[in-house]
Amino acid sequence: MADTNKTAKLSFDGKELELPILSPSAGPDVLDIRKLYAQGDVFTYDPGFTSTAACDSTITFIDGDLGELLHRGYPIDQLAEKSHFLEVCYLLLYGELPSAVQLEDFESRVTNHTMLHEQMVYFYRGFRRDAHPMAIMTGVVGAMSAFYHDSTDITDPWQREVATIRLIAKMPTIAAWAYKFSIGQPFVYPRNDLDYASNFLRMCFSVPAEEYEVNPILSRAMDRIFTLHADHEQNASTSTVRLASSSGANPFACIAAGIACLWGPAHGGANQACLEMLREIGTVDRIPEYIARAKDKEDPFRLMGFGHRVYKNFDPRAKVMKQSADEVLDLLGIENNPTLQVAKELERIAIEDPYFKEKKLYPNVDFYSGIILDAMGFPTSMFTPIFALARTVGWISQWKEMIADPQMKIGRPRQLYVGPTARDYVDVENR
Ligand code: CMC
């Protein structure tokens with residue numbers, strides 16, 4: 001972040017303030033209002049943070065107009081095509097692509113932390129059998145602070161590193177066990193000879209009664225889904241993790257807060273909602289009815305998997321996801337999949353429709369991911385847990401960046417109070 005030597009002048013109530021303008025390495029300039037309240041006795045008002053940068057960061061950059069997503073400067077389509085999830089994890093966490101030796105060391109550290117404390121099995125068993133896997137994940141990840149005391153001191157860089165590796169390593173086991181519990185099958189333990197994505201698929205789909213061979217093309221597709229969801233700068237769940245950790249809370253509690261936030265249908269829950277919507281539409285002839293509903297101001301219905309706060313162009317992740325959906329369905333011999341047909345036709349109609357054009361509503365990452373996950377055999381309730389698994393590295397990278405920043409302060413937004421002013425208490429008999 002560089003000082004531009006430019007300033008913005010603000011005058012009100014006879015006061016004149018000069019606000020410094022900061023220049024990022026990419027993206028619009030930023031007005032520095034940190035001293036605004038002290039010097040001007042005013043707050044700024046920006047519900048939904050539509051114009052507010054809450055931190056500086058070196059991790060991820062999005063150009064919403066161009067539809068560009070960079071991790072540490074590398075475009076997401078290059079990473080999705082040429083890299084793989086654990087390498088992207090390293091890049092997000094440590095800032096550079098690893099050398100071969102660094103990558104091997106990182107992969108070995110992650111691989112050797114995949115098991116859960118055995119007593120956590122009892123913790124799982126306390127949930128109702130029909131619990132949503134996101135509810136289980138929120139609880140289990142929060143409970144990690146009760147099982148791994150030796151990595152909760154955030155002032156110790158070594159403990160921060162151990163917590164980082166533990167979270168990335170154990171998240172597939174946690175998500176797979178949430179699934180196994182919900183379908184009444186025995187938990188499958190991780191296998192260290194498998195890569196990250198294959199291990200997850202095996203823990204979800206194998207049973208002790210028979211051998212399970214991981215299909216390498218499905219494993220590659222799974223890995224790509226993880227890569228595409230790894231980080232997305234200051235979205236709602238990441239900001240939740242930052243805000244929670246600004247109080248000094250331990251990393252497991254903060255990531256649990258991020259998972260809880262991700263669950264909402266406007267955020268990570270959209271992948272489940274999107275596939276359910278595509279199934280509800282069912283056939284292409286019903287698409288116009290749903291397009292009309294999405295445009296009707298009186299109807300709360302929205303096209304799930306469409307629109308984004310930052311992208312006002314194609315979400316670059318959706319492009320890769322669409323290609324992946326074609327490959328996976330082809331591999332599995334699922335021709336003429338009705339949901340994919342509805343998705344493709346819906347996309348075609350919506351992007352030509354003046355309403356969606358004017359509002360710059362394009363398909364987002366969740367539009368095609370559900371089709372792939374469904375074809376792989378995942379129930380819709382597992383879509384958001386898979387997003388949470390993959391986003392964990394983004395949350396932790398942002399958390400590490402924040403904790404290491406000497407300027408870190410507790411997050412404490414202000415408000416525009418519009419409630420009653422001070423008044424005297426009235427006894428109940430006089431009300
Ligand atoms: N269908 C129909 N109309 C929409 C949609 C949609 N999916 N999204 C936005 N609009 C309209 C909205 O009604 C509003 O119209 P108007 O200006 O006339 O009031 C305008 O577009 C702007 O919408 P907004 O809600 O003010 O925009 P936002 O930036 O606050 O919301 C969003 C972004 C992603 C929450 C929203 O587009 C949405 O609800 N999309 C569907 C849910 C979804 O797919 N979410 C996944 C996001 S990507 C993955 C992730 O980050 O988790």
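Below, all heavy atoms of this structure are taken into account, side chains as well, without hydrogens, waters or symmetry copies. Atoms within a ligand are numbered from 1 in the order they appear, just like the ligands themselves.
Ligand 1 lies within reach of K297, whose nearest heavy atom is under 4.0 Å from it. Within the 4.0 Å heavy-atom cutoff, F367 does not count among the residues contacting ligand 1. Using a 4.0 Å cutoff on heavy atoms, L361 counts as a contact of ligand 1.
Interface atoms of ligand 1 facing D366, defined by a heavy-atom separation under 4.0 Å, are 46 (C), 48 (S), 49 (C). Interface of A294 with ligand 1, defined as ligand atoms under 4.0 Å from a residue heavy atom, comprises 2 (C). In summary, the atoms of ligand 1 found under 4.0 Å from a heavy atom of R309, numbered by their order in the structure, are 28 (P), 29 (O), 30 (O), 33 (C).
Within the model, atoms CD1 of I174 and CG of L389 stand 9.0 Å from one another, a figure rounded to the nearest 0.5 Å. Taken from OG in S246 to CH2 in W399, the straight-line distance is 13.5 Å, to the nearest 0.5 Å. Separating the CG atom in L278 from the CZ atom in F367 is a distance of 5.5 Å, to the nearest 0.5 Å. The CG atom of L22 sits 8.0 Å away from the CG atom of D29 when rounded to the nearest 0.5 Å.
Cation-pi geometry between K359 and F356 is not met: the NZ or CZ atom fails to fall both under 6.0 Å from the ring centre and inside 45° of the normal. For the pair R129 and F181, the cation sits on the ring face: its NZ or CZ lies under 6.0 Å from the ring centre, inside 45° of the axis. Both tests hold for R293 against F301: distance to the six-membered ring centre under 6.0 Å, angle to the ring axis within 45°.
Environment of OH in Y417: crowded, with over 12 heavy atoms of neighbouring residues, nucleotides or ligands closer than 6.0 Å. Enclosure of atom CZ in R412 is not indicated, since only 12 or fewer non-hydrogen atoms of other residues, nucleotides or ligands lie within 6.0 angstrom. For CZ of R414, the number of neighbouring non-hydrogen atoms (other residues, nucleotides, ligands) closer than 6.0 Å is greater than 12.
For the residue pair E276 and T380, the shortest heavy atom distance occurs at OE2-OG1, 3.3 Å. Nearest heavy atoms, T238 versus Q234: CG2-OE1, 3.9 Å.
In terms of protein heavy-atom proximity, atom 48 (S) of ligand 1 is nearest to H308 CD2, 3.5 Å. The protein non-hydrogen atom at the shortest distance from atom 34 (C) of ligand 1 is G307 O, 3.7 Å. With hydrogens left out, the protein atom closest to atom 36 (C) of ligand 1 is R302 NH1, 3.3 Å, a heavy atom. Among protein heavy atoms, atom 45 (N) of ligand 1 sits closest to A266 O, 3.1 Å. Protein heavy atom at the shortest distance from atom 50 (C) of ligand 1 is H267 ND1, 3.4 Å. Counting protein heavy atoms only, atom 11 (C) of ligand 1 is closest to Y355 OH, 3.5 Å. Of the protein's non-hydrogen atoms, the one nearest atom 47 (C) of ligand 1 is N364 ND2, 3.6 Å. Counting only heavy atoms of the protein, atom 41 (C) of ligand 1 lies nearest to F306 O, 3.4 Å.
The shortest N/O to N/O separation between G305 and ligand 1 falls below 3.5 Å. At a 3.5 angstrom cut-off on N or O pairs, A270 does not count as close to ligand 1. Between F356 and ligand 1, no pair of N/O atoms sits closer than 3.5 Å. Between H232 and ligand 1, no pair of N/O atoms sits closer than 3.5 Å. Any N or O atom pair closer than 3.5 Å counts here, and K359 shares at least one such pair with ligand 1.
Counting protein heavy atoms under 4.0 angstrom from atom 26 (O) of ligand 1 gives zero. Taking a distance limit of 4.0 Å, we find that atom 52 (O) of ligand 1 is approached by some protein heavy atom. Closer than 4.0 Å to atom 6 (C) of ligand 1 lies at least one heavy atom of the protein.
Y90 has its side chain out of reach of E96: every pair of non-hydrogen atoms, C-beta onward, lies at least 4.5 Å apart.
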